[in-house]
Amino acid sequence: MASIDRRAIDELGIPAIVLMENAGIAVTDLIDRDFAVETVGIICGSGNNGGDGFVIARQLHSRGYAVSIVRLGNADSMSQETRTNFEICRALSIPILEPSSDEDLAAAADVISEADLLVDAMFGTGLDRPAEGLHASVIDLMNATGIPTIAVDIPSGLNGSSSSVHGPAVQAEVTVTFVRPKIANILDPAAQLCGELVIADISIPDEAVEAEQPRLFLVTADYIRPVIAARPPSSHKGTWGHIGILAGSVGKTGAAILAARGAHRAGAGLVTIATDESSQRLVAEGSAESMTIIVHPASPDEIIRAFEDRTVAAIGPGLDSDPTVLRAVREAAVEIGIPLVIDATGLDVFAGDLERLRKRSASTVLTPHPGEMARLLGRPTVEITADRLGAAAEAAKATGAIVVLKGHQTVVASPDGSIGINPTGNPGMATGGMGDVLTGMIAAMLARSEDPLRAVCAAVYLHGLAGDLVAEQQGEIGMTALDLADAIPASFRLEEER
């Protein structure tokens, strides 16, 4: 965003003070619309974030609010735009308190505690160290009051480029960020401090954003809409793909059934489940919509034949972990010449040999949870969870596959460096079988799109949205994978209608 700001100013000629004014007006309009308050305390730093705060103070003052300002930091470091707005506030006789020591904090505490609403405009997205000194003390004061706080761009104390919380930071009720969300606005635990997130337009054209060629994006309904377009009247079952799923074993037939259910509910035209002889009857009984074939999963040739004349393949849910089966899957996966989704047992096959997947001729999707990702990369799980974006990107680059790192805020990483963050889903989905349903959904979405990354993101988004619909209807506790699978059509309908 810093680069996009510079491009808008230097190349497109938009004055920085105009962007600052637009940012301040966006926050002021939100306060006017959503908060029934009379007294507003605005805490400003000396950077451009503080400049936004001075604009907000001036705008609120002109609309009849009682406004007080607490200004922190070195006044000599103000940019020209920030200083201009600061001087206007002084000319308007808006009360401005400028504490410079701990002894001055009592007066600042009075301003903060007597307000109906606080506006945090201390630090912007560029803070790269923990807040300290007076800034840290004021943050603690703000948080202790319980007074609703609106953060400008990002809660002060956070680093916009990190999901971590490294020191004292403002707990906002609402954060108004500009142009595009930042990592700290989206990823927990930092995002928990943002409260409700509002993304405001401040007149930076899309051209300035696109020129930056950002690789990190939030998966949205607009992004997935091309993949979930309504079916044409001439559709038939062949139009929507024939999914082949190698899954299930003794005691784990449910995984095969759930994967097939996910594919059917996501609109696959046909589904064939390949499973071993001892599992076939139970799988067939549990998935009446599917066809089944018997394979010997320790035979790579039989695995390859099972996917002949299929559109998309999926391997892994509930598969036997016998070493002979793993070897067969390892050999067959490279030879399967159609898009392939690999999950569960199928992932462990490639631990320590990720380069092998680069030999595949068609697109590949890996769907690990953090533990499986740890085994794939040969690293402790704690390292994976500490840097989910980095782990997913590393695995995608190493394998040439699209990697879906499952969990809260699922990450979808592409070999070209693009990374999507999924905003849907809830804790009720932390139960067995959810990943099996997702595997089937991904396979079905791959079958209906020529854009693999968008298709995978759509499956992840709609999977989480289906979980949200179930939670809304019956609560999070007790949600099952079958509940979610049966809500998938409603998630499609909801997005088609938006």
Sequence neighbours excluded and cut-off under 3.5 Å, please list the side-chain donor-acceptor pairs for residues 388-395, or say none.
residue : atom : partner : partner atom : Å
Arg388  : NH1  : Lys406  : O            : 3.3
Arg388  : NH2  : Leu405  : O            : 3.3
Arg388  : NH2  : His408  : O            : 3.2
Arg388  : NH2  : Gln409  : O            : 3.1
Glu394  : OE1  : Arg379  : NH1          : 2.6
Glu394  : OE2  : Arg379  : NH1          : 3.4

Please tabulate, one pair per line, all N/O donor-acceptor pairs under 3.5 Å involving side-chain atoms of residues 108-118, not counting sequence neighbours.
residue : atom : partner : partner atom : Å
Ser113  : OG   : Ala109  : O            : 2.8
Ser113  : OG   : Asp110  : O            : 3.4
Asp116  : OD2  : Glu38   : N            : 3.1
Asp116  : OD2  : Thr39   : N            : 2.9

- [ ] Begin from the C-alpha positions of Glu212 and Arg180 and carry the test salt bridge (charged side-chain N to carboxylate O under 4.0 Å, His left out) through to its verdict.
- [x] CA-CA 12 Å; Glu212 188 66 19; Arg180 296 292 188 275; over 6 Å; no
- [ ] Apply side-chain contact (heavy atoms from CB on, under 4.5 Å) to the pair Leu72 and Glu98, showing each step before the final yes or no.
- [x] CA-CA 6 Å; Leu72 302 172; Glu98 301 182 81; over 6 Å; no
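Of the options Asp52, Val176, Thr177, a side chain to side chain contact (heavy atoms under 4.5 Å, CB included) to Val152 is made by Asp52 and by none of the others.
Within the structure, the side chain to side chain donor-acceptor pair (under 3.5 Å) test picks out the following pairs touching residues 442-452 (sequence neighbours left out): Asp451-Arg454.
What you find for Pro155 and Cys194 is that their closest heavy atoms are CD-SG, 3.6 Å. The minimum heavy-atom distance linking Pro181 with Ile199 is given by the pair CD-CD1, 3.7 Å. The heavy-atom pair separating Leu105 from Ser137 by the smallest distance is CD1-CB, 3.6 Å.
Annotation: ring pair (Phe, Tyr, Trp, His ring centres under 6.0 Å) contacts of His135 (sequence neighbours excluded): Phe123. Take Glu132 and apply the salt bridge (Lys or Arg N to Asp or Glu O under 4.0 Å) test, not counting sequence neighbours, and it matches no residue. Every residue was checked against the ring pair (Phe, Tyr, Trp, His ring centres under 6.0 Å) condition with Phe35, not counting sequence neighbours, and none meets it.
Using a 4.5 Å cut-off on side-chain heavy atoms (C-beta onward), Pro214 and Leu216 make no contact.
Rounded to the nearest 0.5 angstrom, Ile42 CD1 and Met122 CE are separated by 12.5 Å.
We find that Asp29 and Arg63 are joined by a salt bridge, their nearest charged nitrogen and carboxylate oxygen being less than 4.0 Å apart. For Arg7 and Glu210, the salt-bridge test fails: no basic side-chain N is under 4.0 Å from an acidic carboxylate O. For the pair Arg261 and Asp436, the salt-bridge criterion is not met [side-chain N within less than 4.0 Å of a carboxylate O].
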